[in-house]
Number of protein chains: 2
Amino acid sequence: MSDPVLLPLLGGPPPERRDAARNREALLVAAQELVDSCGVDHVTMEAVAARAGVGKGTVFRRFESREGLMAALLDRSETVWQAAVISGPPPLGPGADPMERLLAFGRSRLTTTMRHAELIRAAGRAGSRSYAAWSFTAMHVRYLLGELHVAGDLPILATALLAPLEVPVLEQQLSVEAFPLERVAAGWEDLARRVVRPPGA
Amino acid sequence: MSDPVLLPLLGGPPPERRDAARNREALLVAAQELVDSCGVDHVTMEAVAARAGVGKGTVFRRFESREGLMAALLDRSETVWQAAVISGPPPLGPGADPMERLLAFGRSRLTTTMRHAELIRAAGRAGSRSYAAWSFTAMHVRYLLGELHVAGDLPILATALLAPLEVPVLEQQLSVEAFPLERVAAGWEDLARRVVRPPGA
DNA sequence: AATAGAAACGGACCATGGTCCGTTTGGGCT
DNA sequence: AGCCCAAACGGACCATGGTCCGTTTCTATT
């Protein structure tokens, strides 16, 4: 029977079996290599499986779908950026005043989004991962707006600032309309100021 | 030889052959019926072809891809909405003052987008069609901002107002975070006012 | 160490979007 | 009317994402 002492401590689902963990890692490495060498949309699930030395079924059991695999890859890249926001040097990280941080956030998020654009596209709305990514930025912007004593519906206002930084919107501006990146960045700063500026001033 | 009088008038590409036009129409009708009865993502290209009584190759020749077909379908629905904006009754159509029109535009676009959400998703970035749809709303908002004497980079500000009305953003708020529709709509109005409000007042 | 059963594995199999090419058809020209 | 050929057609064929299930491997328990 199972240990009555451990039982109450089991918070989440049981841990992965060792071979499963090894395969997950191998698959992520293989996928990353293929993405780097062929570009996201030329990577097939079979190729990833073959390169990792496992069967195709295994890939889908671990990551649900192609989107899920891409989301997992994306997660890794996003994590290092999130760390820079949480605990990196100012003005992106803590230390600068909130308005400076907000403007730094916008510029940084803009370039990061474009850098990861292909992967973000390929990840689609994969499970709860993409939600997690959105959630982080939403929480951060909400926090900064709070520090700036912005009045209003903060979650909604945060969304208003984040929406123009989504891939399809940025691609429309940068690629289709061919606005220079600096113009888009400056435009976002202007938007941020308009949103933050108090009504009576 | 070809008529020397007609030749200079040939602005665009030559017109479709009669059978081609008939098939295009039959395919659109078939696709619409299937979408209505099964839901967008259960419609297969073969099913559409079969229902229209043509071969699969024909569907792809006319519409390029699944996304292209969905975009064509979407186009029809969007057109009637666009007509309402251009020449319908105020406050959405012309006649009301610009700020009223802008607020009416936001609410109307919000509900229209959600009504067409599945189709918009399925249409993806299909050819120049999705660009045309974006282009219309962008132009309209730019025009209204001009009428309101808003100072700044109007194309960019228009984008800032349109981005929060895109499907993924709205779904995040309405479905994932479960904000009531009225809250999202009110939030957009607040955003519009902040963007329009002049700096010194 | 032996055992049992849950979990993971692999690759054949299926569904569907998309391509290709030999055949048919429409419509301008004589 | 008859000819011609560009355009359109159709459906076999291919690539790839995703499923299924019989087999193998891990690990907790004795």
Side-chain angles (χ1 to χ4, degrees), chain A residues 1-7 10 12-27 30-31 34-35 38-72 121-127, chain B residues 1-7 10 12-27 30-31 34-35 38-72 121-127:
Chain A
M1 92 174 22
S2 59
D3 190 334
V5 169
L6 247 49
L7 214 44
L10 258 45
E16 260 171 350
R17 241 166 64 171
R18 194 128 7 112
D19 53 347
R22 223 176 323 115
N23 283 339
R24 145 170 287 125
E25 194 53 28
L27 283 166
L34 288 176
V35 164
C38 315
V40 172
D41 18 334
H42 288 112
V43 174
T44 75
M45 298 301 266
E46 288 220 23
V48 173
R51 175 144 202 159
V54 306
K56 190 160 58 147
T58 301
V59 190
F60 283 92
R61 191 160 344 86
R62 278 287 97 67
F63 299 101
E64 286 284 294
S65 64
R66 185 193 153 87
E67 292 193 350
L69 174 60
M70 296 310 179
R121 268 196 184 295
R125 4 171 79 283
Chain B
M1 85 171 33
S2 59
D3 189 336
V5 170
L6 248 49
L7 216 44
L10 259 45
E16 259 171 352
R17 240 165 64 170
R18 199 141 348 125
D19 52 347
R22 223 178 323 116
N23 283 339
R24 144 169 290 124
E25 194 51 30
L27 283 166
L34 288 177
V35 163
C38 316
V40 173
D41 19 333
H42 288 111
V43 174
T44 76
M45 297 302 265
E46 288 221 22
V48 173
R51 174 143 202 159
V54 304
K56 188 157 64 146
T58 301
V59 190
F60 284 92
R61 191 162 342 89
R62 278 287 99 66
F63 298 101
E64 286 285 295
S65 64
R66 186 194 152 87
E67 293 194 347
L69 175 59
M70 297 310 180
R121 269 198 183 294
R125 11 168 74 283

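Every chain is numbered from 1, with letters handed out A, B, ... down the list of sequences.
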Can you name the residues that form a side-chain hydrogen bond (donor to acceptor under 3.5 Å, both in side chains) with [X], not counting sequence neighbours?
X: Arg121(B); result: Glu171(B)
X: Arg22(B); result: none
X: Asp19(A); result: Arg17(A)

*So what does the secondary structure string of DNA chain D come out as, 5' to 3', with Watson-Crick or wobble pairs under 3.5 angstrom, [ ] for crossing and | for pairs with another strand?*
||||||||||||||||||||||||||||||

*Where along residues 38-48 of chain B does a heavy atom come under 4.0 Å from DNA chain D, residue by residue in number order?*
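Here the set is empty: none.
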
*Quick one: side-chain contact (heavy atoms from CB on, under 4.5 Å) partners of Ala21(B), sequence neighbours excluded?*
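With sequence neighbours excluded, Ala21(B) shows a side-chain contact (heavy atoms from CB on, under 4.5 Å) to Glu16(B), given in chain and number order.
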
_So, using side-chain contact (heavy atoms from CB on, under 4.5 Å) as the criterion, who are the partners of Arg61(A) when residues are at least two apart?_
Thr58(A)

*Would you please name every residue forming a salt bridge (Lys or Arg N to Asp or Glu O under 4.0 Å) with Arg66(B), sequence neighbours left out?*
none

*asked:* Run the salt bridge (Lys or Arg N to Asp or Glu O under 4.0 Å) test against Glu25(A) and tell me which residues pass, sequence neighbours left out.
replied: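 Glu25(A) satisfies salt bridge (Lys or Arg N to Asp or Glu O under 4.0 Å) with Arg76(A) only.
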
*asked:* Using a 4.0 Å cut-off on heavy atoms, which residues in residues 61-70 of chain A reach DNA chain C? List them by number, or say none.
replied: Arg61(A), Arg62(A)

*Which residue pairs pass the salt bridge (Lys or Arg N to Asp or Glu O under 4.0 Å) test when at least one of the two sits in residues 41-50 of chain B, sequence neighbours left out?*
Glu46(B)-Lys56(B)

Report all interatomic pairs (protein N or O, nucleotide N or O of nucleotides 4-6 of chain D) with separations under 3.5 Å.
none

